[in-house]
Amino acid sequence: MSTDARTGPAPVPTGPLSQIDYSERIPNNVNLNQDRRLQRALEGWQPKFLDWWKQLGPALPTKDVYLRTAIAVGRDGWAHFDHVPMEEYRWGIFLAERNPDRVVAFGKHKGEPAWQEVPGEHRADLMRLIVVQGDTEPASVEQQRILGETAPSIYDLRNLFQVNVEEGRHLWAMVYLLHAYFGREGREEAEQLLKRNSGDLDSPRILGAFNEATTDWLQFFMFTYFTDRDGKYQLGTLKESAFDPLARTCEFMLKEEAHHMFVGTTGVQRVVERTAEVMNEHGTSDTFEHGAIPLDVIQKYLNFQYSVSMDLFGSEQSTNAGNYYSSGVKGRWLETRRKDDHVLLDDTRQMNYVEDGEIRTKTVPMLSALNLDLRDEYVADCANGVRRWNQALEDAGLTERLILPHEGFNRRVGVYAAHHVSPTGEVLDDDAWAAAVDGWLPSEADRQAVAALMVPEYEYGKFAGWITPPQAGINEQPVEFDYVHLAGEGLD
Ligand SMILES: [Fe+2]
Ligand SMILES: [Fe+2]
């Protein structure tokens, strides 16, 4: 049976797309009210989402939070900021505007009109990609659930909650596609997205990095820097998809995602700045006793989050990735700006692998190595933040520097998975690795010492001692603005 026969045709957005209808129970710009079956199905999922939010969303009780909400999908002024109770946030369905002339940019369907429906032969692949992407969104909310209890400031608390509500909205984005285009199976997958939970032994999230606990705010900043950035790159490939509703959904998600990476980049930077101040003030790199996180511990957190995020790109060589590309379901990062034939049948590239205890290079077909192509783009982007953080160290007159570890360090997926590789790229045997690993990855003692610094600072405009204040507030508000009202506040 075709998708159409099961669900009726998906709603086609018409009219001026830039406005979002907030009079509906589910805000949207896809004319949801013109498809009663789909609207009812999504309204049936909505209370389950809210139950999940109450149980596994932010644990800290709040009255309201200064949040941005999308009100339009256009380039200018797409968001509105106001204090809202988080459980009343208007999670909705927002797709970037449709380009009626859009054609498939790559693969064997290159030049054909983009798909407005799911072709039967690519149905399973597309649903799998949407489910895997969708699974990461609520996972990160679950991972970050308890962080509010130790927020270094009200400003940072607000940013945490903004990221959380938007990851919730990204779940909505994927659930919309599942309901609208994948019939009963899609609705079942949408239920499962709320039933798997991060770190659950019986029913974990699909990808490894999304089952790791986010224990403290340094890890949160590393997560938003490295793991949300993986999300950016995955969304970037889906934004190129021949399946136009998926492409348009991801295009709008990327607008929201930019703030998440801002939180990571500036968060780590502010930690580094504070550490540098304390190092200069006390003339020691062991800053724990002076209330700041030592640089070598920051480096270990970086090593950890970078390496688990690298695993999210999958094996360097992947037949699936090549098939996704050729069939049009998933493109490359900035596909349309690449200067090649966008089919890649004759192209090759170099890739590293491990043999006889050393890292060697071989030539492989480009189509087989598209996960690596995406990962390379990601690595180059990650390096920008590290440069910025090192600039802060240089500005403070320090000679210490942070580095991105070698691509083979601490990997569980791909060509390095069966090997130990040091942060500088030496292949090590088991004993050498075991002897050195506590210097490279956060030990239990490191995590405890960081956790001991994580005392909440809820006074407006004040910041915990291990982090500097930001340069500016959110949406041109002052840094000391009342971004969050905690539960019980203002009752006296
Ligand atoms: Fe997201
Ligand atoms: Fe994100």
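Here the structure is a predicted model, which means the values were calculated and not measured. Residues take their numbers from the sequence shown, with the count starting at 1. Each ligand, and each atom within it, is numbered from 1 in the order the structure gives. Heavy-atom basis, side chains included; hydrogens, waters and symmetry copies ignored.
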* For Leu453, what residues pass the side chain to side chain contact (heavy atoms under 4.5 Å, CB included) criterion, not counting sequence neighbours? -> Phe288, Ile293, Trp466
* **Name of the residue among His179, Arg37, Arg25, Arg187 meeting side chain to side chain contact (heavy atoms under 4.5 Å, CB included) with Leu42** => His179
* **Contacts of type salt bridge (charged side-chain N to carboxylate O under 4.0 Å, His left out), residue Lys300, not counting sequence neighbours** => Asp446
* Under 2.8 Å from the Fe ion (ligand 2), which protein N/O/S atoms are there? -> Glu167 OE2, Asp228 OD2, Glu257 OE2, His260 ND1
* Under 6.0 Å between the ring centres of Phe481 and Tyr460? -> no
* Structure fact -> Which of Gln133, His260, Glu137 passes side chain to side chain donor-acceptor pair (under 3.5 Å) with His170? It is Glu137
* Structure fact -> Taken in chain and number order and not counting sequence neighbours, the residues that satisfy salt bridge (charged side-chain N to carboxylate O under 4.0 Å, His left out) with Arg411 are Asp311
